[in-house]
Amino acid sequence: MDRPALRPEAVDVSGLLSPRVRGIRTSQIGLVADRGRDDPDVVKLWIGEGDLPTPPFIVEAAHRAMQAGHTRYATSLGLPRLREALGAYHARHWGVAIPPDRFAVTAGGMNAVMQAAQALLEPGDEIIIPSPAWPNLGEAVRVTGGVPVSVPYRVDAEGRFSLPLADIEAALTPRTRVIMVNSPSNPTGWIMPADEMVALRDLARERGLWILADEVYAHFTYDGPIAPSFLQICTEHDRLIVANTFSKNWAMTGWRAGWLIFPKGLAETFAKLGQYNTTSIPTFVQHAAVTALDEGDGFIRTMVERCAEARAILIDGLSRLPGASIAPPEGAFYLMARLVEDEPSLPFALRLLEQAKVGVAPGTAFGPEGEGFVRLCYAISPELAREAVRRITGLLGR
């Protein structure tokens, strides 16, 4: 006799998931963006993405690679030719010699951070993260079972951010395993001075800690040369992992290509992590990435010059608002601004979207230390920057 099929009870299966996954927080950036993502009239400054398309010479390189049949699997560390090009890129810009066997190609900067967290953290291990911080950093740590420990930036009367080494040292505990440094910083624009990098390196050596350096925005500086890299002061045996991406420099956000640099001797480890995370990123994308590295320095300069102009327009225009507090960011392409008093940042961001058709990220998307701020991405045209100023001042200047 046939038995009746068993049917599961109507329950909320989300409660059956891993507690770490259940605890993943919803991004407030996405919460605001979802309200106006499809509205063509909104000036969209919420996402960390420029308004320029990927340069044609990179698109054409991908097309040529597809036509040549480069559509099959690649080694999980990345094509040897791409890792050689990454070495040449770092030698050209920072004067460092990184051999191909210290690179791993990843599915964007996010996957680079995730693989680093997987490699370094056991459940309960703590990682220091200066805050306000890109929310993905802390959530990647939580997914892997680690514990993010926020160390707030200090903010002076003019709105400038700083991060004394003593504040990092005071946050260390016996559970601390990693110190995260994002310089230039998203969202604050802070750049870690070279002498403080040396001091942090020495502290990490003394305590046996890892440094995880997110150096994605290194080219985007406005008061000096390219931002310094930990690679310039560390040896191949230091406990240093550097995460980077093709997304920002070459307008390749949707291509999902990034890279990691790790100490000597860890190639096999990251080959396995790459294998079980993504197998590899698309092979034709890797060929296009080689072209970006070899031929894209001019495009980077164009991007930085464009950002500098939009930055100046936003700072000049928004600083005129009564009560506004805006310090020129040293790097990256974000303006962390106080535009109103006594209004929480999330409701204010939603009001700005609804009443002025300007989309910004609420400061609390980057942690409680971001309350009172909103973040504006200025990787945009000067014309769009002027329109954003016109709309915001039209609303708040009344």
Side-chain angles (χ1 to χ4, degrees), residues 27-52 132 153-161 185-190 220 222-223 304-398:
S27 169
Q28 289 186 9
I29 305 173
L31 190 153
V32 176
D34 287 345
R35 299 279 188 98
R37 195 182 303 273
D38 298 324
D39 187 341
D41 295 329
V42 172
V43 176
K44 299 175 174 67
L45 309 180
W46 40 42
I47 304 293
E49 181 175 53
D51 63 347
L52 288 177
Y153 289 100
R154 297 194 183 192
V155 187
D156 66 17
E158 284 74 43
R160 290 187 295 266
F161 292 87
S185 161
N186 170 14
T188 67
W190 166 82
F220 293 87
Y222 307 100
D223 299 312
V304 174
E305 290 167 2
R306 200 166 177 265
C307 286
E309 188 173 356
R311 168 181 176 267
I313 291 167
L314 287 173
I315 292 170
D316 178 66
L318 299 180
S319 295
R320 301 171 188 270
L321 289 169
S325 174
I326 302 170
E330 299 173 89
F333 48 59
Y334 306 104
L335 195 62
M336 200 68 163
R338 292 186 187 271
L339 299 180
V340 295
E341 297 179 0
D342 303 324
E343 184 174 4
S345 63
L346 179 56
F348 173 61
L350 292 172
R351 180 163 73 92
L352 204 57
L353 175 63
E354 293 164 4
Q355 298 180 16
K357 294 282 188 176
V358 177
V360 300
T364 45
F366 308 94
E369 297 83 1
E371 183 59 276
F373 293 92
V374 290
R375 189 199 73 174
L376 298 81
C377 174
Y378 56 79
I380 54 175
S381 69
E383 294 75 21
L384 200 59
R386 291 188 187 94
E387 179 62 17
V389 168
R390 186 188 69 78
R391 295 185 185 192
I392 294 171
T393 56
L395 176 66
L396 301 182
R398 294 172 186 167

Nearest-0.5 Å distance, CG of residue L45 to CD1 of residue I392: 6.5 Å
side-chain contact (heavy atoms from CB on, under 4.5 Å) between L353 and W46, intermediate numbers included: CA-CA 10 Å; L353 175 63; W46 40 42; 3.8 Å; yes
Under-4.0 Å salt bridge between R311 and D316: no
Full working for side-chain contact (heavy atoms from CB on, under 4.5 Å) between L350 and V32: CA-CA 6 Å; L350 292 172; V32 176; 4.1 Å; yes
Separation between CZ of R338 and CD1 of I326, rounded to the nearest 0.5 Å: 11.5 Å
V340 side chain reached by L396 side chain, heavy atoms, under 4.5 Å: yes
Interatomic spacing from OG in S325 to CE in M336 - rounded to 0.5 Å: 11.5 Å
Over 12 foreign heavy atoms within 6.0 Å of CZ, R35: no
Pair S345, E371: side-chain N/O donor-acceptor within cut-off below 3.5 Å: yes
Heavy-atom side-chain contact between D51 and S381 under 4.5 Å: yes
Close side-chain approach of I47 and C377, heavy atoms under 4.5 Å: no
Closest non-hydrogen atom pair, P329 against G189: CB-CA, 3.9 Å
Heavy-atom side-chain proximity of L335 to V374 below 4.5 angstrom: no
Stepwise side-chain contact (heavy atoms from CB on, under 4.5 Å) test for V155 and R160: CA-CA 5 Å; V155 187; R160 290 187 295 266; over 6 Å; no
For P187 against P132, the heavy-atom pair lying closest together: CD-O, 3.4 Å
Distance in Å, K357 NZ paired with L395 CG, rounded so as to fall on 0.5 Å steps: 13.0 Å
Nearest non-hydrogen partners of L314 and A385, listed with the distance: CD2-O, 3.8 Å
Set of side chain to side chain donor-acceptor pair (under 3.5 Å) partners for E369, sequence neighbours left out: S131
Shortest non-hydrogen contact from I29 toward A361: CG1-CB, 4.0 Å
Shortest non-hydrogen contact from A388 toward V358: O-CG2, 4.4 Å
Smallest separation among heavy atoms of L318 and L339, with atom names: CB-CD2, 4.2 Å
Under 3.5 Å donor-acceptor, Y222 side chain and A332 backbone: yes
F348 and F373, any side-chain heavy atoms less than 4.5 Å apart: no
CZ (R351) with more than 12 external heavy atoms under 6.0 Å: yes
Distance (rounded to the nearest 0.5 Å) between F366 CZ and Y153 OH: 12.0 Å
Over 12 foreign heavy atoms within 6.0 Å of CD, E158: yes
Interatomic spacing from CZ in R375 to CZ in F333 - rounded to 0.5 Å: 8.5 Å
Test log, rule side-chain contact (heavy atoms from CB on, under 4.5 Å), inputs L52 and R306: CA-CA 10 Å; L52 288 177; R306 200 166 177 265; 3.4 Å; yes
